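Below, read A as the first sequence line, B as the second, and so on, with proteins coming before strands; counting in each chain starts at 1. Quick caveat, the model's predicted, so the values are computed rather than measured.
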2 protein chains.
Amino acid sequence: MKRESSPNYLNGVPELLVLRLLKEREMYGYELVQAIRDATGEAIVLGEGVIYPMLHLLEREGALQSRRQTVAGRSRIYYTLTPAGEKRLTQAATAWTRIHDAVTSVLGVSARG
Amino acid sequence: MKRESSPNYLNGVPELLVLRLLKEREMYGYELVQAIRDATGEAIVLGEGVIYPMLHLLEREGALQSRRQTVAGRSRIYYTLTPAGEKRLTQAATAWTRIHDAVTSVLGVSARG
DNA sequence: TGCTATACCTATCGCAAAGAGGTATATACC
DNA sequence: GGTATATACCTCTTTGCGATAGGTATAGCA
């Protein structure tokens with residue numbers, strides 16, 4: 001059975017974060033790992049084994065565009081959002097909000113724990 | 001590699017919902033499926049193939065307790081939270097809040113659109 | 001008679017995320 | 001000079017949740 005859309009509402013948080021950060025400014029993989037760790041106060045720590053494959057996938061699917069640059073003897077690959085990537089971000093953010101609202105409403109049902 | 005705790009912060013939403021609903025009152029599996037669909041306005045629709053195995057797992061792990069009752073010729077298995085289950089709910093809710101806050105803060109970084 | 005709703009169940013699949021590696025250069029420390 | 005740490009890239013494999021797709025059985029209605 002082939003899946004057309006519906007990106008599995010319950011996960012996809014790493015992708016959402018990456019897309020959102022790249023909307024602000026271009027970044028490279030190693031930088032994203034630290035940015036996510038720092039921005040979330042270590043609530044979310046994603047390994048390079050999560051980030052790099054995701055960047056490659058997103059680029060293959062046309063959501064990202066990359067350029068290679070050497071800085072201080074180090075080769076970095078900077079990624080930016082394409083228009084398709086912005087659209088994908090919008091959809092991911094919407095899906096996240098929907099789930100968040102749903103969960104929050106259930107959690108708040110007439111009780112405080 | 002054996003996992004001790006850390007329930008994979010990014011998912012676990014179905015478990016969180018089930019625990020939360022069972023804290024309110026005892027329910028049976030089929031009822032939970034509909035309760036989740038209704039309470040979330042169909043934002044989250046979990047199949048029976050998700051709910052039943054989860055109930056069995058949670059019971060096996062001591063988070064739930066069940067009793068069997070026949071109503072109108074139909075055999076239902078009602079589940080309630082044990083003290084361990086309440087603790088598990090608290091932890092799941094805390095984890096969810098942490099992730100939610102982290103994601104929200106990243107999403108809100110100086111941009112609208 | 002047959003369809004729908006209720007109520008339980010398990011077995012398999014897909015895929016995102018986690019983990020564990022591996023390469024290479026720059027820099028700081030002994 | 002040697003060694004450890006930080007930077008920066010990479011991929012392979014495992015895991016486990018969630019999704020799908022079945023299956024059983026009874027009650028009730030048309």
Q: Take atom CD1 of I51(A) and atom C1' of dA18(C), then tell me their distance rounded to the nearest Å.
A: 12 Å
**Q.** Sub-4.0 Å heavy-atom contacts from residues 62-78 of chain B onto DNA chain C, ordered by number
**A.** R74(B), S75(B), R76(B), I77(B)
(Q) Going by the rule ring pair (Phe, Tyr, Trp, His ring centres under 6.0 Å), which residues pair with Y30(B) if we only count those two or more places apart in sequence or in a different chain? (A) none
**Q.** Nearest-angstrom distance from the residue atom CD of E15(A) to P of dA18(C)
**A.** 14 Å
Q: Indicate, with a heavy-atom threshold strictly under 4.0 Å, whether G29(A) touches base, sugar-phosphate, or nothing.
A: sugar-phosphate
Q | d(CG, L57(B); C1', dC17(D)) in whole Å | A | 11 Å
(Q) Tell me the interatomic distance from L16(A), atom CG, to dA17(C), atom P, rounded to whole angstroms. (A) 10 Å
Q. In whole angstroms, how far is the C1' atom of dT25(C) from the OH atom of Y30(A)?
A. 13 Å
Q. Can you tell me how far P of dA16(C) sits from CG of L19(A), to the nearest Å?
A. 13 Å
Q: Would you mind reading off the distance between Q34(B) atom CD and dA7(C) atom P, rounded to a whole angstrom?
A: 7 Å
Check: protein-nucleotides 1-4 of chain D nitrogen or oxygen pairs below 3.5 Å:
none

Q: Give a yes/no answer on whether the side chain of H56(A) brings an N or O atom under 4.0 Å of OP1 or OP2 in dC9(D).
A: no
Q. Is there a donor and acceptor pair closer than 3.5 Å between the side chain of E48(A) and the base of dC9(D)?
A. yes
**Q.** Under the ring pair (Phe, Tyr, Trp, His ring centres under 6.0 Å) test, residues paired with Y52(B) that sit two or more places apart
**A.** none
Q: Please state whether the phosphate of dC9(C), meaning OP1 or OP2, lies under 4.0 angstrom from any side-chain nitrogen or oxygen of Y52(B).
A: no
(Q) The criterion is side-chain hydrogen bond (donor to acceptor under 3.5 Å, both in side chains); which residues satisfy it with T80(A), sequence neighbours excluded? (A) none
Q) Salt-bridged, R76(B) to E31(B), with N to O below 4.0 Å? A) no
Q: Would you kindly give the OH-to-C1' distance between Y28(B) and dC9(C), to the nearest whole Å?
A: 16 Å
Q) What pairs with R74(B) under side chain to side chain contact (heavy atoms under 4.5 Å, CB included), at least two apart in sequence or on another chain? A) none
Q. At their closest point, which heavy atom of G62(A) faces which heavy atom of A84(A), and how far apart are they?
A. O-CB, 3.5 Å
Q) Picking from dC9(D), dT7(D), dT10(C), which would you name as closest to the side chain of P53(B)? A) dT10(C)
Q.
Heavy atoms from C-beta onward define the side chain here; which of dT6(C), dC17(D), dA17(C) lies closest to that of N11(B)?
A. dC17(D)
Q. Which atom names give the shortest non-hydrogen contact between I51(B) and G29(B), and what distance separates them?
A. CG2-O, 4.0 Å
Q: For residues G85(A) and L19(A), report the shortest heavy-atom separation together with the two atoms involved.
A: O-CD2, 4.3 Å
Q. Between A63(A) and R88(A), which heavy-atom pair has the shortest distance, and what is it?
A. CB-CD, 4.2 Å
